Student: 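One structure is given below, represented as structure tokens, and several questions about it will come after.
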There are 2 protein chains.
Amino acid sequence: MQPLTTRQQAILDFIRRYIVEQGMPPTRADIGAAFGFASPNAAESHLKALAQKGAIRLEPGSARGIRLPEGVLEQVSERLDAHLRAMSEQLSLPLVGRVAAGSPILAQEHIESRHAIDPAMFAPRADYLLRVRGNSMTGVGILDGDLLAVHSTAEARDGQIVVARVEDDVTVKRLRRRGDGIVELIAENPDYAPILVDPSHTPLAIEGLAVGLIRDGFAR
Amino acid sequence: MQPLTTRQQAILDFIRRYIVEQGMPPTRADIGAAFGFASPNAAESHLKALAQKGAIRLEPGSARGIRLPEGVLEQVSERLDAHLRAMSEQLSLPLVGRVAAGSPILAQEHIESRHAIDPAMFAPRADYLLRVRGNSMTGVGILDGDLLAVHSTAEARDGQIVVARVEDDVTVKRLRRRGDGIVELIAENPDYAPILVDPSHTPLAIEGLAVGLIRDGFAR
DNA sequence: ACAACTACTGTATGGAAAAACAGTAACCCT
DNA sequence: AGGGTTACTGTTTTTCCATACAGTAGTTGT
């Protein structure tokens, strides 16, 4: 098919939309009305150009005789795709990879892949998955390589397992707020010492709450 | 919508097909030609009857002005729904509850619920989820209440974590085949002693292989 | 037995829509 | 500088199509 001019493309798009929305092709007058043409002949000549270039087929002498070569179902399929994308988006969780310093954890460039898991399996609902590195949380059954389901929130209660960012370092630990204002990030493994952070001196951000876990292999 | 006569239904079906195939609604003459009418008025009165009963909507004065009330998209959406149902079936795993003695683990009556998780997340692919009871496998991070993703198979290699059935008792353990023919089902927790089974005397079946794990809450 | 409805034929007509003819004004190319 | 293309306006003609009116035949219900 030969390349279309901007105007021709706009008219073709209009015809497509019109068919999907109205269930029938537009008349010359319909096109004219949509584009503000004073004469139906403007539409007529555009249609001829489109037909010449093979973008449409014109049924001579027939009212609304504009045919799209691909058929109606394929017209719809674009929308369908969008729907399906939106749907699978809703039923899947992004796996967040290496998080760059200073950037938000859910930034597009951190999403390594998406996994088809219902976020509503977890309560509160999971917002993303984080691949766990290291053995600091083996005591609560969080192993190296596990995918941690995280609910994105800055609020965490004492004793909860959180995803925290200490000076651009993202880590999974149990949270403990001490009376003296110091925050303890406690590993669930006797080999690892608790991390003590003074929020008034060191940047500390609670990125989210651990709400679930997925282990995708025992053969590791 | 009021009930249609046989003839009216046939004409409605024709209109539907015509729209999908031709990309535009038929004229009265088109309908007449398809049904062998000598007069376009036959089609006209059928259309009026259909419009009266709410099966179609007629756009007065407009060529091919027959509208299906649901629109083309909704026509397709019925099919879509079926597809999506089939799809979500494919993208989910059954959660197997209490397994009754002597019955196959994947029997319909054991399926408590389905969870939207891609079976292909695990390798080999998971066939069902099993709620883990007890603390016998905490050493490999399988905690009480976790959902174990299981690949249904009777074949397991030495050292793999399996779902085994010993005398109608379903249990998750590490498999070890001894040289003397005795099978050891080893707990990953020093508090639990290995179970020794002599397959020649005691019924033992390997139900499947642990291929993954899902923990749906840390607040338990 | 007769009204009401369905399923048509046959004719007619006005408005809807396709499509041709005649122009104008930009813009691009060479 | 001028031919070709794009993007229109304006008008007219023909044909398509919707739709009204008049009528026939068969079926169903009461």
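These figures come from a predicted structure and were not determined experimentally. The basis for the numbers below is simple: all heavy atoms, side chains too, and nothing from hydrogens, waters or symmetry mates. Letters go in sequence order (proteins before strands), and every chain restarts at 1.
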Student: Determine the contact category for B/Ala42: base if any of its heavy atoms lies under 4.0 Å from a base atom, sugar-phosphate if only primed atoms, P, OP1 or OP2 are that close, otherwise nothing.
Tutor: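 The answer is base, as B/Ala42 lies within the cut-off (heavy atoms under 4.0 Å) of a base atom.
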
Student: Under a 4.0 Å heavy-atom cut-off, which of residues 28-37 of chain B touch DNA chain C?
Tutor: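 Contacting residues: B/Gly36, B/Phe37.
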
Student: Go through residues 57-65 of chain B and report each residue with a non-hydrogen atom lying under 4.0 Å from DNA chain C, sorted by number.
Tutor: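 Contacts with DNA chain C under 4.0 Å: B/Gly61, B/Ser62, B/Ala63.
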
Student: Would you indicate which nucleotide in C/dT6, D/dC8, C/dA20 comes nearest to any side-chain atom of A/Lys48?
Tutor: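 Among the listed nucleotides, the one closest to the side chain of A/Lys48 is C/dA20.
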
Student: Does some side-chain heavy atom of A/Lys173 sit less than 4.5 Å from a side-chain heavy atom of A/Ile186?
Tutor: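 Answer no - side chains too far apart.
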
Student: Do A/Leu129 and A/Ile117 touch side chain to side chain, with heavy atoms closer than 4.5 Å?
Tutor: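 Of all side-chain heavy-atom pairs linking A/Ile117 with A/Leu129, at least one is under 4.5 Å.
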
Student: Can you check whether A/Thr153 reaches A/Ile206 side chain to side chain, under 4.5 Å on heavy atoms?
Tutor: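 Sidechains of A/Ile206 and A/Thr153: no contact.
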
Student: Hey, is the side chain of B/Thr5 poking within less than 4.0 Å of OP1 or OP2 on C/dA7, counting only N and O atoms?
Tutor: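 Result: yes.
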
Student: Output, in order, the C-alpha distance, side-chain angles, deciding distance and verdict of side chain to side chain contact (heavy atoms under 4.5 Å, CB included) for A/Val132 and A/Leu143.
Tutor: CA-CA 7 Å; A/Val132 174; A/Leu143 309 190; over 6 Å; no

Student: With heavy-atom distances below 4.5 Å as the criterion, would you say the side chains of B/Leu148 and B/Met137 are in contact?
Tutor: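 SC-SC contact between B/Leu148 and B/Met137 ruled out.
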
Student: Testing the basics here: between B/Ile161 and B/Val172, what is the closest heavy-atom pair and its distance to 0.1 Å?
Tutor: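 Heavy atoms of B/Ile161 and B/Val172 come nearest at CG2-CG1, 3.9 Å.
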
Student: According to the side-chain hydrogen bond (donor to acceptor under 3.5 Å, both in side chains) rule, which pairs have a member within residues 42-52 of chain A, sequence neighbours left out?
Tutor: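 Listed once each, the pairs are A/Arg28-A/Glu44.
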
Student: Set out, in order, the CA-CA distance, both residues' side-chain angles and the distance that settles side chain to side chain contact (heavy atoms under 4.5 Å, CB included) for B/Leu213 and A/Ile214, then state yes or no.
Tutor: CA-CA 5 Å; B/Leu213 181 123; A/Ile214 295 162; over 6 Å; no

Student: Tabulate atom names and distances for all N/O pairs under 3.5 angstrom spanning the protein and nucleotides 25-30 of chain C.
Tutor:
none

Student: Is A/Arg177 salt-bridged to A/Asp158, cutoff N-O under 4.0 Å?
Tutor: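 Looking at A/Asp158 together with A/Arg177, the answer is no, because their closest N to O distance does not fall below 4.0 Å.
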
Student: Nucleotides 28-30 of chain D: which of its N/O atoms have a protein N/O under 3.5 Å away?
Tutor:
none

Student: At 10 degrees resolution, what angle do the end axes of the helix from C/dA1-D/dT30 to C/dT30-D/dA1 form when each is taken over five base pairs?
Tutor: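 Overall, the helix from C/dA1-D/dT30 to C/dT30-D/dA1 bends by 30° from one end axis to the other.
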
Student: Could you tell me the separation between the CG atom of B/Leu50 and the C1' atom of C/dT6, rounded to a whole number of Å?
Tutor: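 Those two atoms, CG and C1', are 12 Å apart.
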
Student: Reading DNA chain C from 5' onward, which residue's closest nucleotide shows up sooner: B/Gln8 or B/Ser39?
Tutor: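 Result: B/Gln8.
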
Student: Which heavy-atom pair separates B/Leu204 from B/Ala164 by the least distance, and what is that distance?
Tutor: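 That would be CD1-CB, 4.3 Å.
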
Student: If you measure from the Lys or Arg side-chain nitrogens to the Asp or Glu carboxylate oxygens, is any gap between A/Arg131 and A/Asp144 under 4.0 Å?
Tutor: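 Looking at A/Arg131 and A/Asp144, the cut-off is not met.
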
Student: Please determine, for the side chain of A/Glu44, which listed nucleotide (D/dC8, D/dG10, C/dA19) has the closest atom?
Tutor: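 The answer is C/dA19.
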
Student: Between D/dT19, C/dA18, D/dG10, which one does the side chain of B/Pro40 approach most closely?
Tutor: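 Of the candidates, D/dT19 comes closest.
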
Student: Looking at A/Pro94 and A/Arg114, what are the two nearest heavy atoms and their distance?
Tutor: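 Minimum heavy-atom separation between A/Pro94 and A/Arg114: CD-NH2, 3.8 Å.
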
Student: Using a cut-off of strictly less than 4.0 Å, decide whether A/His46 has a side-chain nitrogen or oxygen near OP1 or OP2 of D/dA7.
Tutor: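 Yes.
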
Student: Which pair of heavy atoms, one from B/Phe37 and one from B/Arg7, lies closest together, and at what distance?
Tutor: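 That closest heavy-atom pairing would be CE2-NH2, 3.7 Å.
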
Student: If you only use heavy atoms from C-beta on, which nucleotide in D/dC8, C/dT11, D/dA20 is closest to the side chain of A/Arg7?
Tutor: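 Of the options given, the side chain of A/Arg7 lies nearest D/dC8.
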
